[in-house]
Amino acid sequence: MNDDTLTVGVLLFEGAEELDVAGPWEVLGFWAAHIASSPVRVLTLGPRAGVVRCSKGLGLVADHDLITAPPLDLLTPIATTSTSSRRSTARSTYAPGSGTSTTATS
């Protein structure tokens with residue numbers, strides 16, 4: 001992979017709203033394929049690699065868990081309309097100091 005490749009992570013978590021994941025993935029994928037002037041790698045991250053269940057039952061595959069993920073240039077934010085308990089779970093799972101090795105930039 002080129003050193004100038006921008007690596008973008010799309011965050012998955014149990015109970016995430018499907019459109020909150022699929023929307024950013026679609027936009028970033030289109031941008032990477034048709035607009036970006038440098039190589040872009042878009043990947044998914046979750047609490048573990050493998051299937052992560054969304055709020056309405058859709059299973060999405062996390063390419064990497066947060067511990068073993070490659071270094072990211074950008075991590076998509078969590079924007080969800082799910083219940084406050086799901087937001088709380090996501091915050092505690094991905095909170096700074098929770099043992100994860102990736103960093104989000106805004």
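- When all heavy atoms are compared, the tightest approach of A62 to G46 is CB-N, 3.6 Å.
- Closest non-hydrogen pair, D65 versus R48, comes out as CB-CA, 3.6 Å.
- Between L66 and P47 there is no side-chain heavy-atom pair separated by less than 4.5 Å.
- Taking all atoms of both residues into account, the shortest heavy-atom contact from E18 to G57 is OE2-N, 3.5 Å.
- Shown here for T68 and H64, the closest heavy-atom pair between the two residues is O-ND1, 4.3 Å.
- Tested against L60, the residues V51, T44, V10, V21 include a single side-chain contact (heavy atoms from CB on, under 4.5 Å) partner, V21.
- Hydrophobic clustering (side-chain heavy atoms under 4.5 Å, transitive across Ile, Leu, Val, Met, Phe, Trp, Tyr) keeps L12 apart from L19.
- Cluster membership check: W31 shares its hydrophobic cluster with V42, using side-chain heavy-atom separations under 4.5 Å among Ile, Leu, Val, Met, Phe, Trp and Tyr.
- Take E26 and apply the salt bridge (charged side-chain N to carboxylate O under 4.0 Å, His left out) test, not counting sequence neighbours, and it matches no residue.
- A donor-acceptor contact shorter than 3.5 Å is absent between the side chain of T7 and the backbone of R41.
- In the hydrophobic cluster analysis, where Ile, Leu, Val, Met, Phe, Trp and Tyr join through side-chain heavy atoms closer than 4.5 angstrom, V61 is grouped apart from F13.
- Closest approach of G15 to S55, counting heavy atoms only: O-CB, 3.4 Å.
- The shortest heavy-atom contact between V8 and L72 is C-CD2, 4.4 Å.
- Within a 6.0 Å radius of CG in L6, other residues, nucleotides and ligands contribute more than 12 heavy atoms.
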Trace of the side chain to side chain contact (heavy atoms under 4.5 Å, CB included) decision for V40 with L28: CA-CA 9 Å; V40 177; L28 290 165; over 6 Å; no
